[in-house]
Amino acid sequence: VFLFLEAMTQAGVDMGLSAEQSYKLAVATFAGGSELAARSSESAEVLRQRVTSKGGTTYAAITHMQEQKLPEHFIEAMRKAEARAKELAQEFGR
């Protein structure tokens with residue numbers, strides 16, 4: 001989450017926002033999405049589809065991330081974390 005906050009903040013600064021404005025917007029984006037997910041019984045996929053207007057700004061960003069295989073990279077990162085957790089468990093005898 002913090003890595004994404006860092007990246008979103010930097011993107012906002014690169015687009016002309018102050019670091020403070022950009023950080024607040026990034027945090028609000030995550031907070032709003034997290035709150036919606038916590039209160040909803042719908043899947044993340046359905047929620048994403050509901051907030052994504054075809055041809056809109058979110059659509060442009062998501063399309064780019066999918067083209068760059070961000071979901072696959074994120075899944076692989078989780079696998080790396082799992083592998084490291086198993087190594088640590090062996091190392092510490094658990």
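Here the structure is a predicted model, which is why all the values come from computation and not from measurement. FYI, the numbering just counts along the sequence from 1.
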Report all side-chain donor-acceptor pairs from residues 8-20 shorter than 3.5 Å, counting only partners two or more places apart or in another chain.
residue	atom	partner	partner atom	Å
Thr9	OG1	Leu5	O	2.7
Gln10	NE2	Asp14	OD1	2.7
Ser18	OG	Gln21	N	3.0
Ser18	OG	Gln21	OE1	3.3
Glu20	OE2	Lys24	NZ	3.1

Glu42: what forms a side chain to side chain donor-acceptor pair (under 3.5 Å) with it, not counting sequence neighbours? Arg50

Running the 4.5 Å side-chain criterion over Ile, Leu, Val, Met, Phe, Trp and Tyr, what cluster does Val46 land in, apart from itself? none

Under 3.5 Å, which donor-acceptor pairs link side chains of residues 52-65 to any protein atom two or more places apart or in another chain?
residue	atom	partner	partner atom	Å
Thr52	OG1	Arg48	O	2.6
Thr63	OG1	Tyr59	O	2.8

Counterpart residues, salt bridge (charged side-chain N to carboxylate O under 4.0 Å, His left out), relative to Glu67 (two or more places apart): none

Distance-only donor-acceptor hits, side chain of residues 26-35, under 3.5 Å, sequence neighbours excluded:
residue	atom	partner	partner atom	Å
Thr29	OG1	Leu25	O	2.8
Ser34	OG	Phe30	O	2.9
Glu35	OE2	Arg39	NE	2.2
Glu35	OE2	Arg39	NH2	2.9

Side-chain hydrophobic cluster, 4.5 Å single linkage: members besides Val51: Leu36, Leu47

Name every donor-acceptor pair, under 3.5 Å, that has one atom in a side chain of residues 72-79 and the other anywhere in the protein, sequence neighbours excluded.
residue	atom	partner	partner atom	Å
His73	NE2	Gln68	O	3.4

